[in-house]
There are 2 protein chains.
Amino acid sequence: MSDLLDRLREGGWRLTAQRRVVAEVLDGDHVHLTADEVHSRAAARLPEISRATVYNTLRELVQRGEVVEVSTDGRAKRYDPNAHRPHHHLLCARCGSIRDVHPTGDPLANLPASESFGFTVLEAEVTYRGICPDCAA
Amino acid sequence: MSDLLDRLREGGWRLTAQRRVVAEVLDGDHVHLTADEVHSRAAARLPEISRATVYNTLRELVQRGEVVEVSTDGRAKRYDPNAHRPHHHLLCARCGSIRDVHPTGDPLANLPASESFGFTVLEAEVTYRGICPDCAA
DNA sequence: AGCTTGCCTTAGACCCTGTCCAATGTAGGG
DNA sequence: CCCTACATTGGACAGGGTCTAAGGCAAGCT
């Protein structure tokens, strides 16, 4: 976490109160907040922070590879701070909750050359869908 | 295709000109149109069709499992009519073009029970990202 | 074929997510 | 402590999608 702030400073990031708060809000496992949720949590600590700044900061964090953008449902994008431990997502079809998962095997290896249509394939992202324990009850 | 229309009629679908046109527009392989694209192609044949009807019809087709919704990039959702032949998607990170692919193996089998967090896991969706031949050139 | 009924369609207002801009503020090097 | 380039702000704007009230029409019934 403060490793994150250090890395960013090394990269020439001007460290402002707003950016610090956004980074803090995104800390943790199984965190997948929308930009709007990030904004309201950040505003709880720094009331004058603007939506534009939250969007700017999130975009920069994504570009620097510190945060991964997840489009689960075509509505708001979600931001996953756990970018340095590769993982996939399991999401509840009913309530939309998300968990990070670590499947075995490498999905990239499962795409035969005959199926790659001449693409240079770079990555594979797996989304599992199901019903979470709370919704099943 | 007219199998589709038959199935829908059996399910109590009132068969209108608008719905027929939407279904026709969505026919084919590697078809991944946005709602807006569906609307303009449908309007080419039936000029007075409204956006609302296209959205309604697409939603119904998705609910009935005849069409799959694909959220690739957080922008417009795309609609894939090839719902009865299970497949995954390969998309170009640069231009956004999409191909249907059929990887080997079953990603569902790669999620150990210890990683399922009590969910009833129903399906796995794999998205491959890369650069298409046109964009690589 | 004509009637009836309830489902469909329509246009347009509206909402949500996200981007852009010009004006103002401030981190951090000198 | 000052300067300046980089950040932040709020508000306007754009794209994608949903909702609603009013009128239209498919299909079952006679």
Side-chain angles (χ1 to χ4, degrees), chain A residues 2 5-26 32-43 45-64 66-80 96, chain B residues 2 5-25 32-43 45-64 67-80 96:
Chain A
S2 71
L5 295 180
D6 288 346
R7 273 199 304 280
L8 291 169
R9 198 162 9 201
E10 309 264 315
W13 225 46
R14 189 172 289 186
L15 193 44
T16 67
Q18 291 85 342
R19 288 175 169 182
R20 191 193 310 268
V21 169
V22 169
E24 282 170 9
V25 163
L26 280 174
H32 308 92
L33 300 172
T34 63
D36 216 54
E37 287 163 349
V38 172
H39 178 246
S40 48
R41 297 194 188 196
R45 303 185 185 201
L46 193 66
E48 68 277 21
I49 192 171
S50 74
R51 291 194 324 125
T53 295
V54 170
Y55 278 106
N56 288 342
T57 305
L58 289 173
R59 178 164 12 84
E60 283 154 13
L61 289 172
V62 170
Q63 277 166 1
R64 287 163 183 268
E66 297 290 348
V67 164
V68 173
E69 214 174 57
V70 188
S71 304
T72 53
D73 60 345
R75 301 187 64 76
K77 290 177 205 160
R78 293 180 172 275
Y79 293 87
D80 183 338
Chain B
S2 70
L5 295 180
D6 288 346
R7 274 199 304 280
L8 292 169
R9 197 161 10 199
E10 308 265 313
W13 226 46
R14 188 173 288 186
L15 194 42
T16 66
Q18 291 84 341
R19 288 175 168 180
R20 192 193 311 267
V21 169
V22 169
E24 283 170 9
V25 163
H32 308 92
L33 300 173
T34 63
D36 217 54
E37 288 163 350
V38 171
H39 178 246
S40 47
R41 297 194 187 196
R45 303 184 184 201
L46 193 66
E48 68 278 22
I49 192 171
S50 74
R51 292 195 325 126
T53 296
V54 170
Y55 279 106
N56 287 342
T57 305
L58 289 172
R59 178 164 10 84
E60 284 155 12
L61 289 172
V62 170
Q63 277 165 2
R64 286 163 185 267
V67 165
V68 173
E69 214 173 57
V70 187
S71 304
T72 52
D73 60 346
R75 301 187 64 77
K77 290 176 204 161
R78 293 181 173 276
Y79 294 88
D80 184 337

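Between B:Leu15 atom CG and C:dG6 atom P there is a gap of 21 Å when expressed in whole angstrom units. Going from atom CD of A:Glu37 over to atom C1' of C:dC16 covers 14 Å, rounded to whole Å. Here the P atom of nucleotide C:dG25 and the CD atom of A:Glu48 are 13 Å apart, to the nearest Å. Straight-line distance from the CG atom of A:Asp36 to the C1' atom of C:dC15: 13 Å, rounded to whole Å. Taking atom CD of residue B:Glu69 and atom P of nucleotide D:dG16, one finds them 15 Å apart after rounding to whole Å. Atom pair A:Arg75:CZ and D:dG15:C1' shows a separation of 14 Å (rounding to whole Å applied). Between A:Arg19 atom CZ and C:dA27 atom C1' the separation is 10 Å, expressed in whole Å. Atom CG of B:Leu33 and atom C1' of D:dG16 are 16 Å apart (whole Å).
Comparing B:Thr16 and B:Arg51 against DNA chain C, the residue whose closest nucleotide sits nearer the 5' end is B:Thr16.
Rounding to the nearest 0.5 angstrom, the gap separating the CG atom in A:Leu26 from the CG atom in A:Leu33 is 6.0 Å.
The phosphate of D:dT9 has OP1 or OP2 within less than 4.0 Å of a side-chain N or O from A:Thr53. Phosphate contact (OP1/OP2 of D:dG17, side-chain N/O of B:Arg59, threshold under 4.0 Å): absent. Between A:Arg14 and the phosphate of C:dT26, there is no side-chain N or O to OP1/OP2 separation shorter than 4.0 Å.
In this structure, the nucleotide among D:dT9, C:dG18, C:dA11 sitting nearest to the side chain of A:Ile49 is D:dT9. Set against D:dT18, C:dA27, D:dA26, the side chain of B:Tyr55 has D:dT18 as its closest nucleotide. The side chain of A:Ala76 has C:dT17 as its nearest neighbour among C:dT9, C:dT17, D:dT9. When distances are taken from the side chain of B:Asn56 to each of D:dT9, D:dG17, C:dT10, the shortest belongs to C:dT10. Between D:dG10, D:dG24, C:dT10, one nucleotide has an atom nearer to the side chain of B:Gln18 than all others, and that is C:dT10.
At the heavy-atom level, B:Ala52 lies under 4.0 Å from base atoms of the strands shown.
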Should A:Glu66 and A:Leu8 be marked as a side chain to side chain contact (heavy atoms under 4.5 Å, CB included) after you check the CA-CA gap, both sets of side-chain angles, and the distance that decides it? CA-CA 9 Å; A:Glu66 297 290 348; A:Leu8 291 169; 4.2 Å; yes
Stepwise, does the side chain to side chain contact (heavy atoms under 4.5 Å, CB included) test hold for A:Tyr79 with A:Glu69? CA-CA 5 Å; A:Tyr79 293 87; A:Glu69 214 174 57; 3.5 Å; yes
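Not one N or O on the side chain of A:Arg9 forms a donor-acceptor pair closer than 3.5 Å with the backbone of A:Leu15. In this structure a side-chain-to-backbone donor-acceptor pair under 3.5 Å is present from A:His39 to A:Ile49.
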